Every structure is written in structure tokens, then in C-alpha cells.
Amino acid sequence: MKDVKPKAKQGGLNAEIQSRIGHQLRAMYDDVVRQGVPERFADLIRKLDPPETDLAANKDGRD
Amino acid sequence: MPLTNELRDDILASVPSLRAFAISLSGNGDRADDLVQETLLRALANIDSFQPGSNLPAWLFTILRNLFRSDYRKRRREVEDSEGNYAKTLKSQPGQDSHLEFEEFRAALDKLPQDQREALILVGASGFSYEDAAAICGCAVGTIKSRVNRARTKLSALLYVDGAEDFGPDSTVRAVISNNG
């Protein structure tokens with residue numbers, strides 16, 4: 001997870017333009033990342049019990 | 001490996017970036033969330049095939065990327081039938097200039113070939129290494145590098161080929177951040 005460093009190989013592309021594109025791309029992306037985990041997905045993952053935990057719970061007396 | 005609580009937490013922690021990837025790929029929030037849901041269900045159903053200690057985000061991104069591609073082929077035909085309704089969903093909420101600028105970026109991104117778009121997002125926004133991005137896309141590292149470079153070249157041509165000075169790099173960032181609130 002590290003930043004992409006501009007390289008000389010990026011041809012005649014203007015470094016400033018490339019930097020703007022990078023900014024815009026990350027701004028778009030990070031805007032969604034900052035929204036966190038919608039309840040819908042938290043629920044979905046929470047509701048799926050690990051099978052082994054189920055077994056253990058049943059053996060030790062169900063709750 | 002079995003679905004431990006720790007693994008479940010790790011999957012949950014990957015959801016925000018999975019959503020960002022899905023929205024960046026598809027340009028459509030509802031569809032993106034359906035993709036994420038499908039990805040999570042598949043991941044949980046196939047959790048035994050996940051290798052402990054390997055890269056969980058890369059594994060999840062691979063599932064989402066493959067789902068998107070198979071879904072995309074189906075939808076493309078539907079979209080062609082329905083006269084650009086999909087395109088309309090991409091241009092929501094016109095208004096502020098800064099938002100317009102964001103939409104322009106979004107529209108340019110959508111004009112990239114899919115291979116280039118996904119490579120650029122994985123490396124330039126998700127922060128994956130070229131090696132991880134290559135594994136996610138099932139291609140060689142050199143192929144990813146060349147796709148990323150071509151994507152950047154094409155985006156700059158689409159966005160900045162003339163009047164580059166009309167755009168403030170920071171205004172877009174600010175606009176997106178302020179629209180978030």
C-alpha cells in the first residue's frame with residue numbers, strides 16, 4: 001500500500017497533469033472508503049456464524 | 001481456512017475499499033453494493049480455499065473483479081438495448097462546478113478500456129503493488145505496468161489536452177471532500 005512514484009519512463013506526460021489525475025482518482029476512491037461499512041454488510045457478515053463455533057457452542061450448552 | 005472471528009473482522013475491514021473499487025469500476029452505487037454483497041457471499045462460501053497468511057484484500061478484490069467482468073458482459077447487451085439508461089445514472093446531480101469537474105473525471109475514467117481502468121484503480125487508488133494487481137487481474141506484471149501507463153496517457157488526453165490550466169487540482173479534492181458531508 002504505497003504511493004505510486006512518478007517515473008521518468010512515463011514518457012512525455014506532464015508530471016503536474018499526472019499528479020492531478022492521481023489526486024482525482026484517489027479523491028473519488030477515498031470518498032467511498034470514508035463512508036465506512038454500511039449496516040447491510042456488517043449484518044451480513046455478523047449473521048454468518050463460523051461453523052466450528054456453532055459446534056463448540058452446542059457442545060457446551062447452547063446459548 | 002475456517003471462518004474465525006479474526007478473519008471475519010478482516011473481511012469486514014476490507015468492505016470500505018471493496019465498495020470503492022466496485023464504484024470506481026462500475027460508476028453506479030447501487031450496482032456496486034450488489035457486487036460487494038455478492039463478493040462477500042462468495043468469499044464466505046469459499047472461505048476454505050483462502051490460504052491463511054496470504055493477502056486477504058487481494059483475494060477479495062479478485063473475486064469482485066471477476067464478478068464484475070462476468071456481470072459486465074451480460075449488462076453490456078442490456079445497456080445497448082435500453083438506449084443509454086446506464087449512461088444517465090452516471091451523470092447524477094449536476095450543479096456545482098466542482099461537482100461537474102468530478103463528473104468529468106468520472107466520465108473520462110469510464111471511457112477507458114476496462115483492462116486499463118481496473119489496472120489504474122488497483123495501483124493508483126487501492127494502493128496495490130504491481131505484483132498484487134497482476135495477480136488480481138490474472139496477467140503479467142509488465143502487462144499491468146503498461147495498462148496503467150496507457151490509462152494515464154489516455155486520461156490526460158481526455159481531460160487536459162487543452163486548457164490544462166482551467167483545472168485546479170485541489171478544487172476537485174476539496175469538492176469531493178465537501179460533498180461528502
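Below, read A as the first sequence line, B as the second, and so on, with proteins coming before strands; counting in each chain starts at 1. This one's a predicted model, so the numbers in the text were calculated from it and none came from an experiment.
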Subject >> Contact winner vs chain B - A/Val37, A/Asp30, A/Leu25, heavy-atom pairs under 4.5 Å >> reply: A/Leu25
Subject >> Same cluster (ILVMFWY, side-chain, under 4.5 Å), B/Ile121 and B/Val141 >> reply: yes
Subject >> Short side-chain to backbone donor-acceptor contact, B/Tyr160 and A/Gln18, under 3.5 Å >> reply: no
**OP:** Kindly indicate, with the supporting measurements, whether the criterion side-chain contact (heavy atoms from CB on, under 4.5 Å) is fulfilled by A/Phe41 and B/Asp33.
**Re:** CA-CA 9 Å; A/Phe41 299 124; B/Asp33 277 347; 3.7 Å; yes
Original post:
Can you name the closest pair of heavy atoms from A/Pro38 and B/Val15 and give their distance?
Top reply: CD-CG1, 4.3 Å
Subject >> Set of residues satisfying side-chain contact (heavy atoms from CB on, under 4.5 Å) with respect to B/Gln51, sequence neighbours excluded >> reply: B/Ser54
**OP:** Tell me, for B/Ile23 versus chain A, whether the close heavy atoms (under 4.5 Å) come from the side chain, the backbone, both or neither.
**Re:** side chain
Subject >> Under 4.5 Å from a heavy atom of chain A, the part of B/Leu109 involved >> reply: side chain
**OP:** Answer yes or no: are there more than 12 heavy-atom neighbours, outside B/Arg150 itself, under 6.0 Å from its atom CZ?
**Re:** yes
**OP:** First locate atom CZ of A/Arg46, then atom CG of B/Asn5, and finally report the distance between them rounded to the nearest 0.5 Å.
**Re:** 12.0 Å
Original post:
So with a 6.0 Å cut-off around CD of A/Glu39, is the heavy-atom count from everything else above 12?
Top reply: yes
Subject >> Which atoms of B/Val36 approach chain A - backbone, side chain, both or neither, heavy atom under 4.5 Å >> reply: both
Original post:
How far does CZ of B/Arg106 sit from CE of A/Met28, to the nearest 0.5 angstrom?
Top reply: 5.0 Å
Original post:
B/Leu120, B/Leu158: one ILVMFWY side-chain cluster at the under-4.5 Å cut-off?
Top reply: no
Original post:
At what distance, to the nearest 0.5 angstrom, does CG of B/Leu155 lie from CZ of A/Arg20?
Top reply: 14.0 Å
Original post:
For B/Phe50, what residues pass the ring pair (Phe, Tyr, Trp, His ring centres under 6.0 Å) criterion, not counting sequence neighbours?
Top reply: B/Trp59
Original post:
Does A/Val32 belong to the same Ile/Leu/Val/Met/Phe/Trp/Tyr cluster as B/Leu64, with side-chain heavy atoms less than 4.5 Å apart forming each link?
Top reply: no
Original post:
When rounded to the nearest 0.5 angstrom, what distance separates OG in B/Ser156 from CG in A/Asn14?
Top reply: 8.5 Å
Subject >> Worked check of side-chain contact (heavy atoms from CB on, under 4.5 Å) between A/Gln24 and B/Leu159 >> reply: CA-CA 11 Å; A/Gln24 285 178 305; B/Leu159 290 165; 4.1 Å; yes
Subject >> chain A contacts, top residue of B/Ser24, B/Ala108, B/Ala13, B/Gly29 (heavy-atom pairs, under 4.5 Å) >> reply: B/Ser24
Original post:
Which heavy-atom pair separates B/Arg8 from A/Ile45 by the least distance, and what is that distance?
Top reply: NH1-O, 2.8 Å
Original post:
Of the non-hydrogen atoms in B/Phe21 and A/Tyr29, which two are nearest, and what is the gap between them?
Top reply: N-CE1, 3.6 Å
